[in-house]
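One structure is given here, and the rest of the page talks about it.
The chains referred to below are lettered A, B, ... by the order of the sequence lines, with proteins before strands, and numbering in each begins at 1.
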Amino acid sequence: MSTLRTRFAPSPTGFLHIGGARTALFNWAMTRKAGGTFILRIEDTDHERSTRESEAAVLEGLEWLGIDWDEGPYRQSERVERHRAVVETLLADGNAYRCVCTREELEERRNRDIAAGGKGNYDGRCRELGLGPECGPHTVRLRIDRERALRWDDLVFGPSGQEASEIGDGILRRSDGTPLYHLAVVVDDIDMGITHIVRGADHHSNTPFQLAIYRALGAPVPTFAHVPLIVAESGRKLSKRRDPVSLQQFRAEGYLPEAMLNWLARLGWSHGDQEIFSADEIIEHFDLAHVGRSGAQADLAKLAWLNQHYLKQCPADALFAAVSPYLAAVAGREVVRDARVDRLLDLLRERSTRLDEMAEKARFALVDRIEIEAEAAKKHLRPVVQDAIEALLVALERDAEWNAASIEAAFEAACRAAGDLKLGKLAQPVRVAVTGTTASPGIYETLEVAGRERALARLREAVAFIRERATETGGSGTGDAS
RNA sequence: GUCCCCAUCGUCUAGCGGUUAGGACGUCGGCCUUUCAAGCCGAUAACACGGGUUCGAUCCCCGUUGGGGACACCA
């Protein structure tokens with residue numbers, strides 16, 4: 001057991017998004033590899049935006065991916081008293097001071113400073129005033145030692161940080177008495193004994209200020225690693241409106257957790273030429289040293305490929321469990337698993353990238369009535385094939401076995417009876433008649449899996465359709481002539 | 001605007017001074033073939049630009065350009 005302690009600290013202000021999921025994954029993989037302790041902490045100090053529903057969504061998302069934690073979930077909101085006490089200590093020992101500047105004053109001075117070519121940092125007006133608790137409405141600011149550089153060696157970005165003079169004395173506590181995020185995270189991370197902080201690169205520039213808090217508290221500084229952000233396919237920041245970013249959404253669309261995990265892992269991290277990683281392999285090989293420093297675009301095509309890969313090698317029972325809800329949605333009823341359904345899924349897994357798509361392709365074998373695509377009917381259900389279909393019907397009606405081999409024999413007989421018709425000429429019309437579409441598994445398998453009664457009924461309907469069509473066109477044999 | 005960061009095929013990336021710049025997804029072509037897939041084979045395609053350093057730069061340094069992030073009494 002190592003002493004490595006990490007944490008994932010999402011704020012429950014919506015769903016778990018893929019950037020957060022990846023951060024969690026990296027933390028988890030690193031911790032599991034080292035045999036450390038992984039802590040989950042919900043940063044819910046923003047009461048306006050935090051909800052219990054999204055907290056549940058976050059936990060659900062992690063569980064779905066198979067990311068487990070050893071401690072927590074803790075809630076930051078439960079620790080506010082501790083945060084307040086820390087601010088008092090800081091105040092008492094002179095590492096923090098009260099500030100009575102109002103927002104308006106602050107903004108005005110800031111603008112003036114920028115106009116004069118300054119950086120717009122807090123000017124330190126209240127820094128040496130020695131304001132006491134009775135000074136009226138006030139915030140509490142950290143007294144940053146301007147002589148000491150705020151630098152650290154980032155495990156991903158390398159030497160990082162800036163001069164203390166580059167940042168102003170930040171606020172630790174609001175005038176309403178509530179602590180700010182920066183103070184809360186640092187205190188929590190210290191109290192929970194976090195040794196390695198792996199988080200999104202959006203915190204890279206926040207780190208100097210947090211470093212200053214660690215110093216003021218006299219606490220050892222943990223090791224930091226900032227992971228580059230995931231960007232949209234447009235190249236820009238992920239947009240909740242335009243881009244698919246919610247883990248729940250991917251899940252609903254029928255992506256397998258294995259595929260999701262694999263995809264997320266390879267987004268910004270690599271291990272030589274290897275593309276396929278199981279959870280165990282990620283743990284075995286994960287290394288922050290091989291996390292890139294540039295942002296990664298979410299490549300949905302790659303996800304689709306991975307998903308099909310996992311679909312293809314999924315054990316039958318697991319596959320059924322995963323598609324079952326989608327099958328039910330298409331069938332309009334619970335679909336019971338049997339040999340025929342397993343066979344169907346085996347045929348479909350090579351033809352689908354997602355579970356919802358797979359269920360849709362299974363429709364012909366699940367429902368009694370299907371719609372024939374107009375275009376397909378027009379092109380394939382023509383008088384030329386009427387005789388052949390009728391011959392096939394005769395042969396199939398005699399087929400009691402009803403498996404791919406026996407059906408194939410029936411097709412051969414029908415083609416012979418129809419004057420040595422080529423199989424292709426018959427297969428496509430039959431496919432359209434039985435599935436309603438021009439694409440499906442092999443024709444024998446398609447019939448097998450559609451079921452004997454359903455297949456025969458649809459073929460009879462097709463014959464009726466062709467007859468009717470011949471009449472409509474005046475019975476002049478237009479179809480035959482073409 | 002200020003500060004910080006990033007930069008290899010369309011995308012994810014390998015590379016850590018000397019390589020025909022590799023892999024994967026995608027795309028395109030071929031094979032297979034009763035459709036669609038899958039599979040197999042092949043092709044396309046990159047070191048942003050300009051200066052240095054060096055015998056030699058994708059790799060090290062500087063600048064430019066481009067992109068991203070942070071600058072709240074949000075987290």
Side-chain angles (χ1 to χ4, degrees), chain A residues 9-13 43-46 48-50 76 99 101-103 106-107 110-111 113-115 117-121 137-141 154 156-158 160-163 166-168 170-182 184-185 200-209 226 228-229 231 233 235-237 263 266-276 290 292-306 308 312 347-353 361 376 380 411 422-432 435 437-444 446:
Chain A
S11 46
T13 55
E43 316 251 282
D44 59 348
T45 46
D46 182 356
E48 300 282 305
R49 298 190 299 157
S50 300
Q76 200 156 58
C99 170
C101 299
T102 65
R103 290 176 201 249
L106 253 17
E107 196 187 329
R110 177 166 188 272
N111 290 338
D113 182 41
I114 289 174
K119 301 179 194 310
N121 287 332
H138 63 273
T139 58
V140 173
R141 290 183 184 271
D154 197 280
V156 171
F157 287 99
S160 304
Q162 49 193 312
E163 294 305 314
E166 295 287 345
I167 67 175
I171 292 177
L172 299 174
R173 190 177 77 189
R174 300 182 185 89
S175 49
D176 68 0
T178 59
L180 259 93
Y181 163 78
H182 293 296
V185 240
D202 47 342
H203 286 293
H204 192 259
S205 342
N206 290 150
T207 309
F209 180 56
H226 290 89
L229 267 18
V231 299
E233 290 195 308
R236 293 202 307 254
K237 185 162 89 171
W263 182 63
R266 278 289 286 105
L267 224 47
W269 170 74
S270 64
H271 177 67
D273 284 344
Q274 190 171 344
E275 295 288 345
I276 303 296
H290 289 95
R293 280 155 315 229
S294 49
Q297 284 187 34
D299 182 2
L300 274 350
K302 187 99 161 215
L303 207 215
W305 173 74
L306 280 167
Q308 184 175 46
K312 281 193 287 188
L347 295 168
L348 260 22
R349 67 210 302 180
E350 300 201 331
R351 301 172 159 77
S352 317
T353 58
K361 286 186 167 140
H380 297 286
F411 265 82
K422 285 183 72 177
L423 176 66
K425 297 283 184 191
L426 181 57
Q428 203 57 353
V430 170
R431 174 170 285 113
V432 170
T435 70
T437 70
T438 52
S440 86
I443 195 64
Y444 313 132
T446 295

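- Of the candidates B/G39, B/C71, B/C25, the closest approach to any side-chain atom of A/K312 belongs to B/G39.
- A/K361 has no side-chain polar atom (N or O) that falls below the 4.0 Å cut-off from OP1 or OP2 of B/A37.
- Within the 4.0 Å cut-off from OP1 or OP2 of B/A75, at least one side-chain nitrogen or oxygen of A/R174 is found.
- Within the 4.0 angstrom heavy-atom criterion, only backbone atoms of the sugar-phosphate kind lie near A/S270; the bases stay farther away.
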- Item | Chi angles and distances behind the side-chain hydrogen bond (donor to acceptor under 3.5 Å, both in side chains) call for A/H226, A/T207 | CA-CA 10 Å; A/H226 290 89; A/T207 309; 3.2 Å; yes
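- At a threshold of 4.0 angstrom between heavy atoms, the contacts of A/Q308 are confined to the sugar-phosphate backbone, with no base atom among them.
- Minimum atom distance to the side chain of A/Q162 is reached by B/C3, of the listed B/C3, B/C36, B/C4.
- Base pairing of B/C16 is not made with any nucleotide, judged by Watson-Crick or G-U wobble geometry with both donor-acceptor distances under 3.5 Å.
- No donor-acceptor contact under 3.5 Å links the side chain of A/R173 to the base of B/C73.
- Under a 3.5 Å cut-off, the side chain of A/T435 and the backbone N or O of A/R431 do form a donor-acceptor pair.
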Expected rows: protein N/O vs nucleotides 8-12 of chain B N/O, under 3.5 Å:
residue : atom : partner : partner atom : Å
B/C12   : OP1  : A/Q297  : N            : 3.0
B/C12   : O2'  : A/R266  : O            : 2.7
B/C12   : O2   : A/R266  : NH2          : 3.4

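- Applying the 3.5 Å distance criterion, the base of B/C36 shares a donor-acceptor pair with the side chain of A/R351.
- In this structure, of B/C73, B/A75, B/G1, it is B/G1 that holds the atom nearest to the side chain of A/R110.
- Within the 4.0 angstrom heavy-atom criterion, only backbone atoms of the sugar-phosphate kind lie near A/S11; the bases stay farther away.
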